[in-house]
Amino acid sequence: MYTVIILIFVILCLFIGHVSYQFMDSYLLIHSPYWKDFILTYSDVQSIQIVSNQQIGLRTFGFGNLKLSMGSFHNNLYGDYKRYTYKSCPICIEIHLEQTILVINENNEQATNELFNELNKRVSL
């Protein structure tokens, strides 16, 4: 009985989770119930672009399953960076901030492009 309960729990953990984005007047709140929130202040953005979902690299601290990758990462392209992404989407938004690089997306290309367009409107570059 306990084995079945543990097995169901493990299977559910592989596929649960979400990331939500809430646009505020001066910042974007990135929220997930399984990892700490990130506040992206629009005035900190140095550049923003859409990129293909490149090599994630090594998660150094964070949360990940078959659906999501969130937290602190390291790869050869960015070095140390932050990531809040769905694995199902082939594109990401690459945001260079004053202190770090942030990579985000939605669960599909259309929603990611909409997120990019809205964020791009709010960032004064």
Side-chain angles (χ1 to χ4, degrees):
M1 179 66 171
Y2 291 115
T3 305
V4 172
I5 292 171
I6 291 171
L7 183 59
I8 290 170
F9 176 75
V10 168
I11 290 171
L12 285 175
C13 286
L14 292 174
F15 298 100
I16 62 172
H18 69 277
V19 179
S20 64
Y21 303 96
Q22 185 174 4
F23 288 97
M24 309 305 281
D25 288 339
S26 62
Y27 64 91
L28 172 66
L29 175 63
I30 303 171
H31 172 74
S32 177
Y34 303 105
W35 192 241
K36 59 186 172 184
D37 292 351
F38 188 91
I39 294 176
L40 185 160
T41 304
Y42 305 136
S43 62
D44 289 344
V45 174
Q46 296 176 335
S47 68
I48 179 173
Q49 67 178 343
I50 295 275
V51 296
S52 62
N53 201 352
Q54 79 292 338
Q55 184 77 356
I56 291 175
L58 175 68
R59 182 175 48 249
T60 57
F61 193 66
F63 172 84
N65 59 18
L66 295 175
K67 185 177 181 181
L68 297 167
S69 293
M70 297 181 289
S72 299
F73 288 76
H74 181 89
N75 69 16
N76 292 333
L77 181 62
Y78 302 134
D80 294 328
Y81 74 104
K82 305 286 186 202
R83 184 176 196 94
Y84 289 79
T85 58
Y86 289 89
K87 293 181 179 179
S88 61
C89 184
I91 61 172
C92 295
I93 303 168
E94 175 186 292
I95 306 163
H96 289 256
L97 303 169
E98 290 180 4
Q99 300 295 321
T100 190
I101 295 171
L102 175 65
V103 177
I104 62 175
N105 72 2
E106 282 279 10
N107 61 355
N108 62 61
E109 286 186 60
Q110 179 180 347
T112 299
N113 281 311
E114 290 170 3
L115 176 64
F116 173 79
N117 290 336
E118 184 62 30
L119 184 56
N120 208 24
K121 278 191 246 178
R122 293 173 182 260
V123 172
S124 55
L125 293 177

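The shown structure was predicted, so the numbers you read here are calculated from the model rather than taken from an experiment. In this chain, residues are counted from 1 in sequence order.
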* Nearest heavy-atom pair of Asn65 and Leu68: which atoms, and what distance? -> OD1-N, 2.8 Å

* To do: Look up atom CZ in Phe116 and atom CD in Gln49, then write down how far apart they are to the nearest 0.5 Å.
  => 8.0 Å

* Asked: For the residue pair Gln55 and Asn75, what are the closest heavy atoms and their distance?
  -> O-ND2, 2.9 Å

* Check the surroundings of atom CG in Asn117: do more than 12 heavy atoms from other residues, nucleotides or ligands lie under 6.0 Å from it? => yes

* **Hydrophobic cluster identity match, Met70 and Leu97, side-chain contacts under 4.5 Å** => yes

* Give the minimum heavy-atom separation between Asn105 and Leu115, together with the two atoms involved. => C-CD2, 4.5 Å

* Enter the distance from Gln22:CD to Ile30:CD1 here, rounded to the nearest 0.5 Å. => 12.0 Å

* Nearest-0.5 Å distance that lies between atom CG in Asn107 and atom CD in Gln110 -> 10.5 Å

* Given side chains that start at C-beta, do those of Ser72 and Arg59 come closer than 4.5 Å, heavy atoms only? -> no

* Asked: Aromatic rings Phe38 and Tyr84: how do their planes relate, parallel, tilted or perpendicular, breaks at 30° and 60°?
  -> tilted

* Asked: Can you tell me if CD on Gln99 sees more than 12 non-hydrogen neighbours from other groups inside 6.0 Å?
  -> no

* Mind telling me whether Tyr81 and Phe73 have parallel, tilted or perpendicular rings, with 30° and 60° as the class edges? => tilted

* Between Leu77 and Ile101, is any pair of side-chain heavy atoms under 4.5 Å apart? -> no

* To do: Measure the spacing between OG1 of Thr100 and CG of Asp44 and express it to the nearest 0.5 Å.
  => 11.0 Å

* Do Lys82 side-chain atoms and Ile104 backbone N/O form a donor-acceptor pair below 3.5 Å? -> no

* Considering non-hydrogen atoms only, spot the tightest contact between Phe23 and Arg122 and give its length. => CD2-CD, 3.3 Å

* **Step-by-step side-chain contact (heavy atoms from CB on, under 4.5 Å) determination, Cys89 to Glu109** => CA-CA 6 Å; Cys89 184; Glu109 286 186 60; 4.3 Å; yes

* Of all the heavy-atom pairs spanning Ser43 and Glu98, show the shortest one and how long it is. => O-OE2, 4.1 Å

* Heavy-atom donor-acceptor pair, Thr41 side chain to Tyr27 backbone, under 3.5 Å -> no

* **Side-chain heavy atoms of Val103 within contact of Ile56, under 4.5 Å** => no

* To do: Please check if the side chain of Ser69 supplies one atom and the backbone of Thr85 the other of a donor-acceptor pair under 3.5 Å.
  => no

* 4.5 Å side-chain heavy-atom contact, Ile93 and Thr112 -> yes

* Asked: If you draw a 6.0 Å radius around OH in Tyr21, do more than 12 non-hydrogen atoms from other residues or ligands fall strictly inside?
  -> yes

* Any side-chain heavy-atom pair of Leu119 and Ile95 under 4.5 Å -> yes

